Amino acid sequence: MIYLDNAASTQIHEEVLNSMLPYLKEQYGNPSSIHRYGRLAHKAVEKARKQIALLINADPSEILITSGGTESNNTVLNGIKIKNNSKIITSSIEHDAILEPCKKLSKNGINVDYLHVDKFGSIIPSELKNHLSENTCLVSIMYANNEVGTIQRISEIAKICNEEKIPLHTDAVQAVGKIPIDVKELGIDFLSISSHKLYGPKGIGALYIKNGLEIDPVILGGGQESGLRSGTENVANIVGFGKACELAKNNLTENITYMKKLRDLLIEKVLNEIPEVTLNGDPQLRLPNNAHFTFLGVNGEDLIIKLDEYGIAASTGSACSVNTQRASHVLQAMGFSHEQITGSLRLTVGIFNNEHEINQTVNSLKKIVEELRSFSPFKEKYSFVSKI
């Protein structure tokens, strides 16, 4: 198999797995226990907290460990201090882990404003400024889009929020570990991270909460995580998450260079060798591992099925939205037609991919696309001249 769905989840790094094993076998104590087993588990959790913090230049005390990006996002939206007539500002291309809680808040009387994006999936910072009011209690804008890979101008957005003294949250699940992020330099107040997007285990993540800011706990119980997230800690996963963050920080420059090389090769070959294909998302401000295409006259789901038959794993967009069976809200917000949306394909490379896999994928794509277009209802509309 060739795995090109690294935006959905990544292969766990061998060093990460090895770091976890002792806490699944020998060191299985509860971090809240005061005996040696408990103390060793607690120490491991705090070491991981430091590793997570270092990746984004935060203080360890600012790291709340959660079950992943979805919980981190929900914690901010449901825990932020809300007053009468409060307003939350977000965007039309957020992950469902933001959009669904916002829908619920809206039903409960909270005003939610959705910012529009341009054809590249970019938010215009000046539009945010026009939406701010004295009742705005939170701005939540994703750092990088999970479908098309567009990176938002978070530094400009943060500057606007800081000037107006409005907290800024960013869902950075797709960005952390792939591009440099410094929460102090950027002036971010809340930031969500997920372990399994950066070669760590699933079911674990974190929420950065800037010192001095307060949110209400969403999960109540024994008072773990400074009372903000009760429940016995998943020590092995936390340790693995910490190790994944350490590796991401130590190898960030090298990984970015490597993934960009593979991504650019993929984009170049697809655009040059297959007709009637467009690259979606910002051509410059995009994640180093993301290539999102539209193959006109082809159904994206058919593409995925055929690619899978060739031993290649890909996707049309967010894996979290597959069960909803609806058209991509991201591409709709970017102004795509139904035909463009249905012909979309997301290919996301990772550090374990190689050039041979890219070449093999493009060769397979050429055959698959030509085959699917041979009986496409749109074949009279487009030239579909074979370049094979």
Side-chain angles (χ1 to χ4, degrees), residues 62 64 66 69-118 120-147 150-175 183 186-193 207-219 228-229 318 320-321 329-330 332-335:
E62 297 174 310
L64 171 67
T66 68
T70 295
E71 185 188 329
S72 295
N73 290 343
N74 275 259
T75 298
V76 174
L77 291 168
N78 293 314
I80 195 74
K81 305 293 182 182
I82 294 176
K83 302 176 182 178
N84 291 334
N85 298 320
S86 288
K87 180 170 77 171
I88 292 173
I89 297 175
T90 186
S91 82
S92 55
I93 61 166
E94 298 295 314
H95 190 278
D96 283 344
I98 292 292
L99 297 178
E100 291 302 315
C102 280
K103 286 180 184 177
K104 184 176 180 180
L105 288 168
S106 183
K107 289 178 181 178
N108 293 334
I110 305 302
N111 297 316
V112 181
D113 269 5
Y114 297 90
L115 302 180
H116 299 299
V117 295
D118 62 20
F120 299 121
S122 296
I123 292 158
I124 311 302
S126 59
E127 185 183 351
L128 167 62
K129 203 164 189 177
N130 295 333
H131 281 251
L132 295 177
S133 69
E134 59 182 12
N135 295 325
T136 306
C137 65
L138 180 72
V139 174
S140 181
I141 303 295
M142 62 178 12
Y143 207 111
N145 186 259
N146 53 299
E147 292 191 29
T150 296
I151 299 171
Q152 302 300 335
R153 295 171 175 80
I154 293 295
S155 59
E156 295 179 43
I157 291 169
K159 183 179 180 182
I160 292 170
C161 291
N162 291 335
E163 287 174 352
E164 300 296 330
K165 295 181 171 55
I166 295 170
L168 170 65
H169 165 251
T170 182
D171 176 352
V173 163
Q174 288 294 334
V183 291
L186 289 167
I188 294 169
D189 299 297
F190 303 99
L191 180 142
S192 299
I193 314 173
L207 174 64
Y208 160 76
I209 305 172
K210 185 178 180 180
N211 278 332
L213 295 177
E214 294 184 2
I215 60 172
D216 292 328
V218 176
I219 301 177
L228 288 177
R229 205 263 184 184
S318 175
C320 301
S321 299
H329 68 279
V330 173
Q332 286 178 328
M334 291 167 61

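Side chains included, hydrogens not; waters and symmetry mates left out as well; all remaining heavy atoms used. By convention here, the first residue in the shown sequence is residue 1. Since we're looking at a predicted model, the values are computed, not measured.
- A 4.5 Å side-chain heavy-atom check between Tyr143 and Asp171 finds every atom pair outside the cut-off.
- Atom CD1 of residue Ile98 and atom CE of residue Met142 lie 8.0 Å apart, to the nearest 0.5 angstrom.
- Between Asn78 and Ile215 there is no side-chain heavy-atom pair separated by less than 4.5 Å.
- One distance of note links SG of Cys137 with CD1 of Ile110; it measures 6.5 Å at 0.5 Å rounding.
- Phe120 and Met334 make their closest contact through C-CE, 3.7 Å (heavy atoms, listed as atom of the first residue, atom of the second, distance).
- Annotation: Lys81, atom NZ; neighbour count of heavy atoms from other residues, nucleotides and ligands within 6.0 Å is above 12.
- Proximity of Arg229 to Glu71: side-chain heavy atoms (C-beta onward) are separated by under 4.5 Å at one or more points.
- For the pair His116 and Ile124, the minimum side-chain heavy-atom distance is 4.5 Å or more.
- No side-chain N or O of Thr150 forms a donor-acceptor pair with one of Ser122 less than 3.5 Å apart.
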Q: Apply salt bridge (Lys or Arg N to Asp or Glu O under 4.0 Å) to Glu156 and Lys159, showing your working.
A: CA-CA 5 Å; Glu156 295 179 43; Lys159 183 179 180 182; over 6 Å; no
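- Here the straight-line distance linking atom CD of Glu94 with atom OG of Ser91 works out to 3.5 Å at 0.5 Å rounding.
- Note: Lys210 NZ to His169 NE2 = 15.0 Å, rounded to the nearest 0.5 Å.
- At distances below 3.5 Å, at least one donor-acceptor pair connects side-chain atoms of Asn145 with backbone N or O atoms of Ile93.
- In terms of heavy atoms, Ser192 sits closest to Ser72 at OG-CB, 3.4 Å.
- Counting only heavy atoms from C-beta outward, the side chains of Phe190 and Thr75 never approach each other to under 4.5 Å.
- When side chains are defined from C-beta on, Val173 does not count as touching Asn146, because their heavy atoms never get closer than 4.5 Å.
- By the 4.5 Å heavy-atom criterion applied to side chains, Leu186 and Thr170 are not counted as neighbours.
- Residues Leu77 and Cys102 form a side-chain contact, since some pair of their non-hydrogen atoms from C-beta on lies under 4.5 Å apart.
- Residues His329 and Ser92 have side chains that never bring a donor and an acceptor to within less than 3.5 angstrom of each other.
- With Glu127 contributing its side chain and Leu115 its backbone, the two residues share no donor-acceptor pair below 3.5 Å.
- The distance from the OG1 atom of Thr70 to the CG atom of Asn74 is 7.0 Å, given to the nearest 0.5 Å.
- Side-chain contact annotation: Asn135 with Asn85, donor-acceptor N/O pair under 3.5 Å absent.
- Heavy-atom neighbours of His131 NE2 from other residues, nucleotides or ligands within 6.0 Å: above the threshold of 12.
- In terms of heavy atoms, Glu147 sits closest to Val330 at OE2-CG2, 3.6 Å.
- Here the shortest heavy-atom pairing between Lys87 and Leu132 reads NZ-C, 4.4 Å.
- The minimum heavy-atom distance linking Leu168 with Ile188 is given by the pair O-CG2, 4.0 Å.
- Expressed to the nearest 0.5 Å, how far CG of Leu99 lies from OG of Ser140 amounts to 9.5 Å.
- Of the listed residues (Leu191, Leu228, Val76, Asp189), just one forms a side-chain contact (heavy atoms from CB on, under 4.5 Å) with Ile209, and that residue is Leu228.
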